[in-house]
Amino acid sequence: MSGAMSRRAACGAIVGAAAGLAAGCAATEPSAPPPRPAPTPPPPSLPPARPPAAPIPRAPTPNSNPPKLVSRLKPVFDCTLWSDKPGGLLPGCERVYLTDRAWRRSDHETCAPYDPLRWERYLQSLPPGALLVIDEECLKDSPFVYGRETAMRELEQRLELHRVVRRVRPDVVNSDCCGPLPQANQPAYVWNDAGQLKKLRESNDLTMAAARPWLKALTVEVYFTPREGKPIRASYRDDVEAIIAGNAAEARRFTDGRPVYALVWLRSKGEAGRGWSRYFGDEVARFILDESVRLYDGVILWDRTFTEDGKDLGTKRFDPSDPAMAMMLRWLRERER
């Protein structure tokens, strides 16, 4: 009898636990308990405890400073080879590091002996979290161009560079360009050539199986070589759209969460010793920039000057009156508004 009453008294002593009172007193009562007064309830001035209310969100005041729009935009990286750029970087751009000298000494020399200490010293010089694009065009490591046996042998030289990056500087975001990781292709998409597309995908399946574990990002070379006379499709803009969209979709097959960047050039790449370094005009150039930033996770702006027959003229002096430069600068400033 007293045990039942003590359990009832204990339940009543818990402040604000009405549900606990019923649950705690669910034990079976003795058969004939003598009547006793009910326990005194808690005073009304002590309401049951409640969890603290969530703070009410408040609208920003007129004096608050919301983040600039540029912070919500996809990144654009400056890789233009212009000297005397004000501030050393184009407005609104982030810095990217492009290297193509680990396996050669000059643009016109075959691959030089690999110097691992030199490569490690270069990597140690990069700032934390830098975006690195490895561009080793001298290696014959594209199955699409050189065949499987040659490509897989020379691919090891390219992958060695990435393996060292992962070991020496795991914070660096490394990617590859102007090579097979993944291979980009222009004629296959412009002409919608099923045979070329099949070969391209088979080559990428082969090389990316070996390379994917060592890459933190993918970079696709979105260059355009306009056909003389008239475009292949309805317009040069349609030709460009096929290249940008097709190569973006191909690269997405290998991302596994990695970002995919477009390396763009607003001048023609040329072929067969002609048609190099021609500016596309504002309409096509703007479309290249807009479409690339729409379909990729970011854009790398590249620029350099060549003669009509493809001779490299080296670094160009910063000149805002140059049509390609002026287009880039206008486009970048418009993004920040």
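Computation of the quantities below employed the complete heavy-atom set of this structure, encompassing side-chain atoms and omitting hydrogens, waters and symmetry-equivalent molecules. FYI, the numbering just counts along the sequence from 1.
Atom CD of E149 sits in a sparse spot, with 12 or fewer heavy atoms from other residues, nucleotides or ligands closer than 6.0 Å.
Within the 3.5 Å criterion, the main-chain N or O of P231 finds no donor-acceptor partner in the side chain of S235. Of the possible donor and acceptor atoms, one in the side chain of S125 sits under 3.5 Å from a partner among the backbone N and O of Y122. Distance alone, capped at 3.5 Å, places no donor-acceptor pair between the K311 side chain and the F306 backbone. Judged by distance alone, with hydrogens and angles left aside, the side-chain atoms of R227 form a donor-acceptor pair with the main-chain N or O of K230 at under 3.5 Å. Side-chain atoms of E336 come within 3.5 Å of backbone N or O of G92 as a donor-acceptor pair. When atom types are taken as modelled, the side chain of T207 and the backbone of L181 share no donor-acceptor pair closer than 3.5 angstrom.
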Begin from the C-alpha positions of Y146 and D141 and carry the test side-chain contact (heavy atoms from CB on, under 4.5 Å) through to its verdict. CA-CA 7 Å; Y146 300 106; D141 54 5; 5.8 Å; no

Is there a side-chain contact (heavy atoms from CB on, under 4.5 Å) between V222 and L263 once you walk through the steps? CA-CA 6 Å; V222 183; L263 182 72; over 6 Å; no

Starting from the C-alpha separation in whole Å, work towards a yes-or-no answer on side-chain contact (heavy atoms from CB on, under 4.5 Å) for Y296 and V220. CA-CA 9 Å; Y296 294 80; V220 179; 4.1 Å; yes

Verify salt bridge (Lys or Arg N to Asp or Glu O under 4.0 Å) between E228 and R278, making sure each step is shown before the conclusion. CA-CA 12 Å; E228 295 284 353; R278 296 177 183 174; 3.2 Å; yes

Trace of the side-chain contact (heavy atoms from CB on, under 4.5 Å) decision for D322 with F318: CA-CA 9 Å; D322 177 274; F318 180 75; over 6 Å; no

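Figure legend: R166 and W214 shown without cation-pi pairing, the cationic atom not lying both under 6.0 angstrom from the six-membered ring centre and within 45 degrees of its axis. Geometric assessment of K199 against the ring of F144 yields a positive cation-pi assignment under the 6.0 Å and 45° thresholds.
In this structure, the separation between CZ on R335 and CG on L73 is 4.5 Å, given to the nearest 0.5 Å. One distance of note links CH2 of W82 with CE of M325; it measures 4.5 Å at 0.5 Å rounding. Within the model, atoms OG1 of T219 and CZ of R258 stand 12.5 Å from one another, a figure rounded to the nearest 0.5 Å. Here L332 contributes atom CG and C93 contributes atom SG; the two are 4.5 Å apart, rounded to the nearest 0.5 Å. To the nearest 0.5 Å, the span separating CD on E334 from CG on L329 amounts to 11.0 Å. Summarising the geometry, atom CD1 belonging to I300 is positioned 12.0 Å from atom OG1 belonging to T80; distances are rounded to the nearest 0.5 Å.
Ion pairing between a basic and an acidic side chain is recognised when a charged N comes within 4.0 Å of a carboxylate O; R304 and D312 show such pairing. Salt bridge status for D78 with K85: present, with a side-chain N to carboxylate O gap under 4.0 Å. Under a 4.0 Å N-O distance rule, the pair R274/E308 does not qualify as a salt bridge. A salt bridge does not link E202 with R148: every distance from a Lys NZ or Arg NE/NH1/NH2 to an Asp or Glu carboxylate oxygen is 4.0 Å or more. R167 has no carboxylate O lying under 4.0 Å from a charged side-chain N of E160, or vice versa, which leaves the two without a salt bridge. Salt-bridge check for D297 with R252: passed, with a basic side-chain N closer than 4.0 Å to an acidic carboxylate O.
R233 and D238 get closest at one heavy-atom pair: CD-O, 3.6 Å. Among all heavy-atom pairs drawn from K269 and T225, the shortest one is CB-OG1, 3.7 Å. Considering every non-hydrogen atom in both R253 and R212, the closest pair reads O-NH1, 3.9 Å. The two residues K216 and V172 come nearest to each other via the heavy atoms CD-O, 3.4 Å. Taking both residues in full, the closest heavy atoms of R169 and G129 are given as NH2-N, 4.4 Å, listed atom of the first, atom of the second, then distance. Closest approach of T305 to G314, counting heavy atoms only: OG1-O, 3.5 Å.
Put simply, the residue from V133, D135, L161, L132 that forms a side-chain contact (heavy atoms from CB on, under 4.5 Å) with T99 is L132.
Looking at F254 and L215, their side chains never come closer than 4.5 Å, going by heavy atoms from C-beta outward. Residues L206 and P143 have side chains in contact (heavy-atom distance under 4.5 Å, counting atoms from C-beta outward). Considering only heavy atoms from C-beta on, Y236 stays 4.5 Å or farther from F287 through its side chain. Using a 4.5 Å cut-off on side-chain heavy atoms (C-beta onward), E221 and V264 make no contact. Using a 4.5 Å heavy-atom cutoff, the side chains of L155 and P180 are in contact. Between F280 and S268, some side-chain heavy-atom pair lies under the 4.5 Å cut-off. Here the side chains of I134 and E136 are in contact, with some heavy-atom distance below 4.5 Å. In this structure, R201 and N204 have side chains that are not in contact, with every pair of non-hydrogen atoms separated by 4.5 Å or more.
Linking Ile, Leu, Val, Met, Phe, Trp and Tyr whenever their side-chain heavy atoms come within less than 4.5 Å leaves V76 and L131 in two separate clusters. Under the 4.5 Å side-chain heavy-atom criterion for ILVMFWY residues, no single connected hydrophobic cluster contains both I288 and Y189. Put simply, L218 and L98 are part of two different groups of oily side chains (I, L, V, M, F, W, Y) that touch within less than 4.5 Å, one to the next. Linking ILVMFWY residues whenever their side-chain heavy atoms come closer than 4.5 Å, directly or via other members, leaves L197 and I243 in distinct clusters. By the rule that hydrophobic residues join a cluster once side-chain heavy atoms approach within less than 4.5 Å of another member, L266 and V240 end up as members of one cluster.
Side-chain contact of Q183 with S142: a donor-acceptor pair under 3.5 Å is present, judged by distance alone. In summary, the side chains of S83 and K316 do not present any donor paired with an acceptor at a separation below 3.5 Å, with no hydrogens or angles considered. Judged purely by distance below 3.5 Å, without hydrogens or angles, the side chains of Q196 and N185 never pair a donor atom with an acceptor atom. No hydrogens or angles considered: a donor-acceptor pair under 3.5 Å links the side chains of D290 and W331.
Close placement of the F77 and Y261 rings is indicated, their centers lying within 6.0 Å of each other. Note: Y279 and W265 fail the aromatic proximity criterion, with ring centroids not under 6.0 Å apart.
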